[in-house]
Amino acid sequence: MSSPQSPSPQAAPFLQQAPGGAPYAGYTSPIPVVRTHLGHAVASEWTKIRSVRSTMWTLGVYVLLVVGIGLVTALLVAANASDSSLDGENPLSMGFFGLLLGSMCVITLGVLTTASEYGTGMIRTTTVACPSRGRVLAAKSIVFFAVAFVVTLVSTFLVAVVDTAVLTDAREPSGGEWLKATVGVSLYLALLGLVSLAIGSVIRHSAGAITIMIGVLLAPLVIALFMFSESLQDLREALFEYSIPSQLGIFYSSSLTDSGPSGWDPLWIALGTTAVVLGSAFFLLEKRDV
């Protein structure tokens, strides 16, 4: 009976010791094994969001609405305004209309960032690659917030510059008004998108989450319009003051009411709301099945 042959030199790198001491063939990957962290999850989510065609279409429509409506509004006002009708008017406020309509695109994209993976089943692949659910949601939140903020900032700044140049009869905006109409409103829209992202993670259904967010955007204002009873006056005023369109208008010094939030208050309200809703999404994510 022949004795077992000794392993060849070529096979030596692939031999490992079994627990009993006997050699067995294994494989050592040439790719270095490193411990994953949040940066890897962020890189993965950035690849996802920029490679999905619907993201580009949604952002394209968003920019078209914000820039297009903002510029058309300013041109129409400039063409039909008399010599003194624009005295004291803030030219930056013309960007409000496009931003209000474009906010639906931010809401939609925020919901789809999370809910679409549950609808397509892609979430299983995501959790296999990164079992830490909290890390995945955190990475999605970081990437989405950055994209929404940068796109909104560029769009609102472009509209602000052109509107100021077109409406020459209007007053010169102050530095604080420039900051609110660009950076401030961009932060607000990005936070609104984060709320949508969190709702998408909680509901896990794209159409349902988008419907909820559109209701949050429009329902308070629409309901308040039909509250004619004197006994509902206080509630009517509160709905007007804290509706999202009214809070967006505050960044352009054109609120629907003379009372309620003012200055930077809408941003703090949005920040607190986002913290509560996103925190709830993290909590529920760890308590539910994939």
Side-chain angles (χ1 to χ4, degrees), residues 58 61-74 76-77 89-111 148-149 151-153 155-157 159-160 163 173 177-199 209-228 232-274 276-277:
T58 306
V61 172
Y62 176 53
V63 172
L64 181 63
L65 290 174
V66 174
V67 176
I69 295 179
L71 299 185
V72 169
T73 303
L76 289 175
V77 170
E89 291 292 331
N90 181 7
L92 301 179
S93 62
M94 302 303 159
F96 165 76
F97 307 104
L99 201 64
L100 177 60
L101 190 58
S103 62
M104 293 188 182
C105 296
V106 177
I107 286 174
T108 302
L109 184 59
V111 169
F149 174 74
V151 173
T152 307
L153 181 61
S155 301
T156 53
F157 183 77
V159 172
D163 286 358
E177 289 174 330
W178 272 94
L179 187 64
K180 288 172 62 178
T182 53
V183 176
V185 78
S186 298
L187 288 172
Y188 186 88
L189 261 296
L191 290 173
L192 180 62
L194 272 187
V195 173
S196 305
L197 184 148
I199 293 297
I210 292 173
T211 302
I212 290 173
M213 288 306 303
I214 291 179
V216 170
L217 175 65
L218 299 177
L221 184 60
V222 174
I223 292 172
L225 289 174
F226 295 94
M227 287 185 173
F228 303 113
L232 297 175
Q233 183 66 25
D234 292 339
L235 177 59
R236 182 173 183 268
E237 290 295 327
L239 290 175
F240 270 129
E241 293 169 358
Y242 291 95
S243 64
I244 292 177
S246 179
Q247 293 189 48
L248 277 174
I250 294 173
F251 290 100
Y252 295 98
S253 303
S254 58
S255 176
L256 297 177
T257 61
D258 296 329
S259 58
S262 60
W264 291 90
D265 291 344
L267 186 59
W268 312 135
I269 294 172
L271 189 61
T273 303
T274 303
V276 172
V277 177

* Structure fact -> V67 meets the side-chain contact (heavy atoms from CB on, under 4.5 Å) criterion, sequence neighbours left out, with V63, L71, S155, L158, V159
* Using a 4.5 Å cut-off on heavy atoms from C-beta on, say whether the side chain of V195 contacts that of L191. => no
* Asked: Where is the tightest heavy-atom contact between P91 and D163, given as atom of each residue plus distance?
  -> O-CB, 3.7 Å
* Would you please name every residue forming a side-chain contact (heavy atoms from CB on, under 4.5 Å) with L225, sequence neighbours left out? => F240
* Asked: Roughly how far, to the nearest 0.5 Å, is the CG atom of L217 from the CG atom of L248?
  -> 8.0 Å
* Do the rings of F96 and Y252 sit parallel, tilted or perpendicular, given the 30° and 60° boundaries? -> perpendicular
* Structure fact -> Interatomic distance, CG@D265 vs CZ@F251, rounded to 0.5 Å, equals 9.5 Å
* With sequence neighbours excluded, tell me which residues meet side-chain contact (heavy atoms from CB on, under 4.5 Å) with F226. => V222, F228
* Asked: Would L192 and I244 count as a side chain to side chain contact (heavy atoms under 4.5 Å, CB included) if you check the C-alpha gap in whole Å, the side-chain angles of each, and the deciding distance to 0.1 Å?
  -> CA-CA 9 Å; L192 180 62; I244 292 177; 3.8 Å; yes
* Asked: Distance from L187 atom CG to L194 atom CG, nearest 0.5 Å?
  -> 11.0 Å
* **V185 versus A181, closest heavy-atom pair with distance** => CG1-O, 3.4 Å
* If every non-hydrogen atom of P266 is compared with every non-hydrogen atom of Y188, which pair is closest and at what distance? -> O-CE1, 3.4 Å
* Structure fact -> Output for pair (L197 CG, M213 CE), nearest 0.5 Å, gives 10.5 Å
* What residue pairs, at least two apart or across chains, pass side-chain hydrogen bond (donor to acceptor under 3.5 Å, both in side chains) with a residue in residues 61-73? -> Y62-T152
* To do: Taking all heavy atoms of A160 and all of L92, pick out the closest pair and write down the distance.
  => CB-CD2, 3.5 Å
* **Nearest-0.5 Å distance that lies between atom CG in L101 and atom CG in L65** => 5.0 Å
Which atom pairs, one a donor and one an acceptor, fall under 3.5 Å between side chains of residues 102-109 and the rest of the protein, sequence neighbours left out?
{"from": "S103", "atom 1": "OG", "to": "L100", "atom 2": "O", "distance (Å)": "2.5"}
{"from": "T108", "atom 1": "OG1", "to": "M104", "atom 2": "O", "distance (Å)": "2.8"}

* To do: Inspect the surroundings of CZ in F157 and state if more than 12 heavy atoms from other residues, nucleotides or ligands are less than 6.0 Å away.
  => no
* May I ask you to decide if Y242's main-chain N or O and S246's side chain share a donor-acceptor pair within less than 3.5 Å? => no
* Mind listing the closest non-hydrogen atom pair of E241 and Q247 along with its distance? => O-CG, 4.1 Å
* Structure fact -> Residue set satisfying side-chain contact (heavy atoms from CB on, under 4.5 Å) with P220, at least two apart, ordered chain then number -> L239, S243
* Which atom of V111 lies closest to which atom of S196, heavy atoms considered -> CG2-O, 3.5 Å
